[in-house]
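Protein chains get the first letters and strands the later ones, always in sequence-line order, with residue 1 at the start of each.
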Amino acid sequence: MKMNRRQVLILLPAAAIAWESLMAGTPEEAPNYKLSDHWWSMLIDVSKCIGCGNCVRACSQENKVPEGHFRTWVERYHVDDEHMTEPQVISPNGGFDGFPAATDDSGKYFFVPKLCNHCADSPCTQVCPVGATFVTPDGVVMVDRTYCLGCAYCVQACPYGCRYIHPELEVADKCDLCYHRITKGLTTACCENCPTAARQLADLKNPKDPIHAFLRTHNVQVLKPQMATGAKVFYNDLDGSVH
Amino acid sequence: MNSFKNAGHLLRFAGLFVIAFVLFLVIRHYYVPKSFGQYGHYRGDAIKDDAARPTFYAGHDTCETCHADIATKKSGGPHAHVNCEACHGPQAIHALADDPTAHIPVKPDSATLCIKCHAASLAKPKKFPQVNEDHSMGMPCITCHTNPHSPAIDTTGTGGKK
């Protein structure tokens, strides 16, 4: 094939575009979602939680959580003057059916919703012998069900007790921050269904996320900071007795 | 090459070693998923697998595309920040259907629904509205709080005991 100079000049830009798209590889499955643009976390306002259990029920339905196991659950603390460091903690059926009315007038009560803390330096992912659990580039701790052997090392390693072995699938299971929802622009099932907005999904990499202002202006704590897990579930107004 | 004259047994062993290594590479090629190691020591496609799960809660934005009137009713009332599915349950089957009328959601029963949040308990935050059992005198909440989307009663009626 013979080409004159003009034809070559016309073809060059076209060839450049073709080459560029070839080098870029296959486009991502979800073109509007980029892993590197997010760093997910959650904000929990303890003073707003009423212990209704809506989050537990919603999570259970959205994620088909087997009965008696929980990806999120709610604990009720009762701290009285005599037992400041040994609070009474109850969580009947994980708070799925709510809580019985509190009648003891002494001391203080509060509810603490719990879930996977999606630690940046997660102990559970470090112990997995087969690479079945990992932190995604957008900060979600996830389990690969096709790789998990069900050895339960991770269940023991989690300092927050957030993992369980799925009784039917016999693999480790846990909160994945409703990954199928947050990648579609929805919030998690628990946040969507919290009637008092006590739980809020937050994206630490999004400069417009209200969490940045909140963290600057409130007394926010993570659970077990002494474990240096890099927990990303932030609690506002957390009492010192919570463990 | 005299030094290799009596090294036959070593060469045979080395050959076996090479064959085993090639065999290992071939087996590895077929058994290790392509996406393993894409982001780290795990199967990169596991992220896509998880993201592909179906949703059951449609999200209030989806609800409000059709039910904007309810959203307006809610706004300004005490239930302004209570999302639709918190009371109505998971409605993706209704909201994402080609024909939403084929999956009409069941109306929640106010006799059992409201107390899930509003039953009085010392454990709840003091400012959160709570009622005892004798507040309604056995009537369903909706008898007086006729609009559950904005349930505050404006008129100064006889009312119940808080």
Work out which heavy atom in [X] is nearest to a heavy atom in [Y]; give both atom names and the distance.
X	Y	value
B:L122	A:T103	CD1-O, 3.4 Å
A:T136	B:Y42	CA-OH, 4.0 Å
B:A123	A:A102	N-CB, 3.7 Å
A:N193	B:A86	OD1-N, 3.0 Å
A:I50	B:K124	O-CE, 3.3 Å
A:A101	B:A120	CB-O, 3.6 Å

Take atom [atom1] of [X] as the centre, draw a 6.0 Å sphere, and report whether it contains more than 12 heavy atoms from other residues, nucleotides or ligands.
X	atom1	value
B:K126	NZ	yes
B:I93	CD1	no
A:Y164	OH	yes
B:M139	CE	yes
B:Q38	CD	yes

Heavy-atom pairs under 4.5 Å with chain B are the metric here; pick the option from [options] that has the most.
options	answer
A:R181, A:E192, A:M142	A:E192
A:D105, A:V130, A:T187, A:V143	A:D105
A:C194, A:P137, A:C178	A:P137

Give the interface residues of [range] toward chain A, defined by a heavy-atom separation under 4.5 Å.
range	value
residues 56-70 of chain B	B:F56, B:Y57, B:A58, B:G59, B:H60
residues 98-119 of chain B	B:K116, B:C117
residues 71-85 of chain B	B:H81, B:V82, B:N83, B:E85
residues 22-35 of chain B	B:P33

message: Between the side chains of A:D176 and B:R53, is the shortest nitrogen-to-carboxylate-oxygen separation below 4.0 Å, so that they form an ion pair?
response: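 Salt bridge between B:R53 and A:D176, a charged N being under 4.0 Å from a carboxylate O: yes.
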
Which atoms of [X] approach chain B - backbone, side chain, both or neither, heavy atom under 4.5 Å:
X	answer
A:C55	neither
A:A197	neither
A:K64	side chain
A:D138	neither
A:T196	side chain

task: Would you mind reporting whether A:H180 and B:D50 have side-chain heavy atoms less than 4.5 Å apart?
output: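 A side-chain contact under 4.5 Å is absent here.
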
message: One pair to check against side chain to side chain contact (heavy atoms under 4.5 Å, CB included): A:Y147 and B:R43. What are the steps and the verdict?
response: CA-CA 8 Å; A:Y147 253 53; B:R43 200 170 58 91; 4.0 Å; yes

What's the spacing between [X] [atom1] and [Y] [atom2] if we round to 0.5 Å?
X	Y	atom1	atom2	answer
A:T183	B:K48	OG1	NZ	12.5 Å
B:K127	A:S47	NZ	OG	6.0 Å
B:D49	A:Y179	CG	OH	11.5 Å

